[in-house]
Asker: 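Dumping the structure here so I can ask a few things about it.
One-based numbering, in listed order, for ligands and for the atoms of each.
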Amino acid sequence: MSFINYIAREINCKIVYCGPGLSGKTTNLRWIFDQTAAKAEGKMITLATEAGRTLYFDFLPLDVGSIRGFKTRFHLYAAPGQVLYDSSRKLILRGADGVILVADSQEERLDANLEAIENLMENLDELKQDFAALPYVLQLNKRDLPTALPVETLKNELMRKNEPVIEAIAPQGVGVIETLKSCGRMVLSGLKKG
Ligand SMILES: Nc1nc2c(ncn2[C@@H]2O[C@H](COP(=O)(O)OP(=O)(O)OP(=O)(O)O)[C@@H](O)[C@H]2O)c(=O)[nH]1
Ligand SMILES: [Mg+2]
């Protein structure tokens with residue numbers, strides 16, 4: 001859960017990118033890194049990759065300014081998408097304040113998207129995290145590919161509550177910041193209520 005340090009006047013929120021293998025989670029983080037001051041500080045951490053695949057997680061701490069005098073930071077994590085790495089995925093999800101599901105729009109990845117969402121629900125259940133209350137955004141990535149399914153089809157298949165749905169082309173940065181802002185806004189408005 002988000003960590004508010006009253007003495008240091010800091011708020012830290014954890015946002016986790018989930019989704020099937022190769023859907024573009026690391027690419028989202030890399031774009032955000034390239035666009036922000038984090039780049040100058042060299043702060044993105046990519047742990048244990050093999051041929052570009054995430055084996056454990058990627059991590060990017062992002063300063064988002066001051067909220068009512070509290071220095072606020074989002075800790076962005078990209079989980080590994082490959083089915084094999086379920087235990088890492090669950091570990092990374094623990095304590096998430098917000099989750100972004102990066103779906104791959106290609107027709108041949110529909111089943112993989114469904115499986116990833118199913119897996120997310122199971123892991124949240126096991127972690128006793130309430131999905132209904134969790135800030136959650138569905139990103140439809142890879143909109144540039146000719147095999148991308150229509151947005152309406154993907155919405156029908158992949159939406160699980162009335163979550164925001166954002167179209168993206170992550171390597172070009174299309175929809176990337178919008179997705180993060182959408183989730184970040186929900187996380188922060190949850191803090192104000194809490
Ligand atoms: N054409 C296209 N390619 C994309 C898009 N997003 C990501 N890719 C490519 O898809 C491949 C996989 O992207 P990653 O970001 O590494 O995927 P990932 O979700 O982190 O994968 P895992 O770490 O294995 O779970 C890379 O070659 C990306 O350049 C997109 O919107 N369009
Ligand atoms: Mg990755």
Asker: With heavy-atom distances below 4.0 Å as the criterion, list the atoms of ligand 1 near G21.
Answerer: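 Every atom of ligand 1 under 4.0 Å from some heavy atom of G21: 25 (O).
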Asker: Is V174 isolated, or which residues cluster with it under the ILVMFWY side-chain rule of less than 4.5 Å, directly or via members?
Answerer: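 Direct or chained contacts put V174 with I169.
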Asker: Going from NZ on K71 to CD1 on I11, what distance comes out if it is rounded to the nearest 0.5 angstrom?
Answerer: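 Answer rounded to 0.5 Å: 12.0 Å.
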Asker: Restricting to pairs with a member in residues 17-44, which pass ring-ring contact (aromatic ring centres under 6.0 Å, His included), not counting sequence neighbours?
Answerer: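 Matches after skipping sequence neighbours: none remain.
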Asker: If hydrophobic clusters are built by linking Ile, Leu, Val, Met, Phe, Trp and Tyr wherever their side-chain heavy atoms come under 4.5 Å apart, do V83 and L158 end up in the same one?
Answerer: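 Cluster IDs for V83 and L158 differ.
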Asker: Identify, for atom 25 (O) of ligand 1, the protein heavy atom at the shortest distance, and state residue, atom and that distance.
Answerer: G81 N, 2.7 Å
Asker: Can you name the atoms of ligand 1, numbered from 1 with element, that are less than 4.0 Å from a heavy atom of I169?
Answerer: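 Close to I169: 31 (O).
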Asker: Look at the rings of Y6 and F70 and say which category their plane angle falls in: under 30° parallel, 30 to 60° tilted, over 60° perpendicular.
Answerer: perpendicular
Asker: Side chain or backbone, does L145 bring an N or O within less than 3.5 Å of an N or O on ligand 1?
Answerer: no
Asker: Which residue holds the protein heavy atom closest to atom 24 (O) of ligand 1, what is that atom called, and what is the gap in Å?
Answerer: R53 NE, 2.6 Å
Asker: How far is atom 19 (O) of ligand 1 from the closest protein heavy atom, and which atom is that?
Answerer: K25 NZ, 2.6 Å
Asker: Just by distance, with hydrogens left out, do N141 and S23 show a side-chain donor and acceptor under 3.5 Å apart?
Answerer: no
Asker: How far is atom 30 (C) of ligand 1 from the closest protein heavy atom, and which atom is that?
Answerer: P171 CD, 3.3 Å
Asker: Taking 4.0 angstrom as the limit and counting only heavy atoms of P80, give me the atoms of ligand 1 inside it, by number and element.
Answerer: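 Reading through ligand 1 atom by atom, the close ones are 25 (O).
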Asker: Might you check, step by step, whether the distance between atom 27 (O) of ligand 1 and some protein heavy atom is under 4.0 Å?
Answerer: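 There is no protein heavy atom less than 4.0 Å from atom 27 (O) of ligand 1.
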Asker: Using distance alone, determine whether A79 and ligand 1 share an N or O pair under 3.5 Å.
Answerer: no
Asker: Give a yes or no on whether V165 and L114 share a hydrophobic cluster (residues Ile, Leu, Val, Met, Phe, Trp, Tyr; joining criterion: side-chain heavy atoms under 4.5 Å apart).
Answerer: yes
Asker: Do you see a donor-acceptor pair shorter than 3.5 Å between the side chains of N5 and N12?
Answerer: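 Side chains of N5 and N12: no pair found under 3.5 Å.
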Asker: State the CD-CD distance between E122 and E115, to the nearest 0.5 angstrom.
Answerer: 9.5 Å
Asker: Tell me, which protein residue and heavy-atom name are nearest atom 6 (N) of ligand 1, and how many Å apart are they?
Answerer: N141 ND2, 3.0 Å
Asker: Give the atom numbers and elements of ligand 1 that come within less than 4.0 Å of a heavy atom of A170.
Answerer: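 Once the distances to A170 are compared, the set is 6 (N), 31 (O).
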Asker: Return the NE2 to NZ distance between H75 and K14, rounded to the nearest 0.5 Å.
Answerer: 10.0 Å
Asker: Taking 4.0 Å as the limit for heavy-atom contacts, which would you say applies to D144 with ligand 1: side chain only, backbone only, both, or neither?
Answerer: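 Contact part for D144 vs ligand 1: side chain (C-beta onward).
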Asker: At the 4.0 Å heavy-atom cut-off, does A78 count as touching ligand 1?
Answerer: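 False for this residue.
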Asker: Check whether any heavy atom of G19 sits under 4.0 Å from an atom of ligand 1.
Answerer: no
Asker: Within a distance under 4.0 Å of any heavy atom of T27, pick out the atoms of ligand 1 and give their elements.
Answerer: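 Every atom of ligand 1 under 4.0 Å from some heavy atom of T27: 7 (C), 13 (O), 14 (P), 15 (O), 28 (C).
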Asker: Which residues pass the side-chain contact (heavy atoms from CB on, under 4.5 Å) test with M121, not counting sequence neighbours?
Answerer: I117, F131, R160
Asker: Taking N or O atoms only and a 3.5 Å limit, does G24 qualify as a polar contact for ligand 1?
Answerer: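 Indeed, backbone or side chain, G24 has an N or O that close.
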Asker: Do you reckon I32 sits in the same ILVMFWY cluster as M186, going by side-chain contacts under 4.5 Å, direct or chained?
Answerer: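 Yes, it is one cluster - the side chains of I32 and M186 are joined through contacts under 4.5 Å.
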Asker: Around atom CG of N162, are there more than 12 heavy atoms of other residues, nucleotides or ligands at under 6.0 Å?
Answerer: no
Asker: Flag K142 as yes when one of its N or O atoms lies below 3.5 Å from any N or O atom of ligand 1, and as no otherwise.
Answerer: yes
Asker: What distance separates L154 CG from E107 CD, expressed to the nearest 0.5 Å?
Answerer: 9.5 Å
Asker: Are L145 and V151 co-members of a hydrophobic cluster defined by side-chain heavy atoms under 4.5 Å apart?
Answerer: no
Asker: Starting from atom 22 (P) of ligand 1, which protein heavy atom do you reach first, and at what distance in Å?
Answerer: L22 N, 3.7 Å
Asker: Considering only protein heavy atoms, determine whether one is less than 4.0 Å from atom 2 (C) of ligand 1.
Answerer: yes
Asker: Count up the protein N, O or S atoms sitting under 2.8 Å from the Mg ion (ligand 2), would you?
Answerer: 2
Asker: Kindly compute the distance separating CG (L149) from CG (L140), expressed to the nearest 0.5 Å.
Answerer: 10.0 Å
